[in-house]
K.L.:
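Here's a structure for you.
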2 protein chains.
Amino acid sequence: MQKEKFSQYSFILDRTARKVKQYAQVSFAQRDFDITIDQWSIIKILFQENPMTHKELAELSGKDQPTLTRIMDILIKKGLVRRVEHPTDRRALQLQLTDEGKIKVDNLSPLVAEVRMKAWENLSEEDFEHFVRILNTIYSNLEKEN
Amino acid sequence: MQKEKFSQYSFILDRTARKVKQYAQVSFAQRDFDITIDQWSIIKILFQENPMTHKELAELSGKDQPTLTRIMDILIKKGLVRRVEHPTDRRALQLQLTDEGKIKVDNLSPLVAEVRMKAWENLSEEDFEHFVRILNTIYSNLEKEN
DNA sequence: TTAATTTAGTTGTCACACTAATAATTGCTA
DNA sequence: TAGCAATTATTAGTGTGACAACTAAATTAA
């Protein structure tokens, strides 16, 4: 394997990830969604599996716990989510969408899906399979030990 | 196209990009490189095409100008880069590696290449071609207008 | 049952991304 | 050539990511 050839992959990966995020963020702003991409990804999960603890939500969303705590603080300030006591574990808190939060997800979901699709123009279903397989392989290659 | 199927791609993209960055960062720290991934990507470019302006370097590195200014501040504080006046445009500054910066790149380059290769275990040259093509297509799909 | 360890969540610090605003300079044009 | 627009770099503000350290509560061990 020629190492030189591969030296740019992290650049491509990084800039594409940033572009996807940025494109979605600008689209959100244009439509006055008043929410960031990361905040959206959190309430989307809560909408599907409501309620859950910080820890569970961090795992599902792929964010670490400190990051999740901060995003939750913002979402609570916006009135989209609330923290309630865990029924059996006093260390833990359960997170659930407020009614306002549910309405938000309902209203925005179809528009978000449209925005998301833009990235896949000129690409095939097969490309999508490659994409998922390759990126997940990279992820697990780096996951194991370190 | 089934929209649901595609809804997860940004999650996969984002978490893979973060994992690649984090893996490299941990590897750097273990070897006492005393530099971040983003700082490395900057001095690597400067090593190949020395000197250039903030604007040129921002474009080549895929970072925006405010981000580049901050990274440069850090690199200058570390003594790896210096700013010098542009010969013809008094608005602009040229950036160049110090001798220490050049030595740093020389010393670290082979080790960085090794770290980078880890991601491509169990993947083929063909996968790499798919990777580059798909991600660059996504990038340009979102690039055009917005 | 006390003591040690583990777990859930938070806070602090540093680095980076993006937007908007600003200062200094340059270049265009009327 | 005077005035205005565009360009280069910086700064400020907000949000996010990684990591370390901390508090409080729960679990395990002695």
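Chain A is the first sequence line, chain B the second, and so forth, proteins listed ahead of strands; every chain is numbered from 1.
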K.L.:
Under a criterion of less than 4.0 angstrom to any heavy atom of chain B, what are the 5'-terminal and 3'-terminal contacting nucleotides of DNA chain D?
P.N.:
D:dT7 to D:dC19
K.L.:
Between A:Gln25 and C:dT19, does any side-chain N or O lie under 4.0 Å from OP1 or OP2?
P.N.:
no
K.L.:
Taking B:Asp106 first and then B:Lys102, would you say they form a salt bridge - that is, a charged N and a carboxylate O separated by under 4.0 Å?
P.N.:
no
K.L.:
Please enumerate all residues that pass side chain to side chain contact (heavy atoms under 4.5 Å, CB included) together with A:Glu126, with sequence neighbours excluded.
P.N.:
A:Ser124, A:His130
K.L.:
Under the ring pair (Phe, Tyr, Trp, His ring centres under 6.0 Å) rule, collect the residues that match up with A:His54, sequence neighbours excluded.
P.N.:
none
K.L.:
For the residue pair A:Phe47 and A:Trp40, is the inter-centroid distance of their aromatic rings smaller than 6.0 Å?
P.N.:
no
K.L.:
Quick one: what's the B/S/- string for nucleotides 6-16 of chain C, heavy-atom cutoff under 4.0 Å, read 5' to 3'?
P.N.:
-BSBBBBB-SS
K.L.:
Is A:Lys104 paired with A:Glu100 through a side-chain N to carboxylate O contact shorter than 4.0 Å?
P.N.:
no
K.L.:
What pairs meet the salt bridge (charged side-chain N to carboxylate O under 4.0 Å, His left out) rule with one or both residues in residues 65-78 of chain B, with sequence neighbours excluded?
P.N.:
B:Asp73-B:Arg83
K.L.:
Distance check needed: C:dT19 P versus A:Gln30 CD, whole Å only.
P.N.:
11 Å
K.L.:
Just how far is it from atom CG of B:Asn122 to atom CZ of A:Arg133, taken to the nearest 0.5 Å?
P.N.:
11.0 Å
K.L.:
List the residues meeting side chain to side chain donor-acceptor pair (under 3.5 Å) with A:Thr67, not counting sequence neighbours, and say none if there are none.
P.N.:
A:Asp64
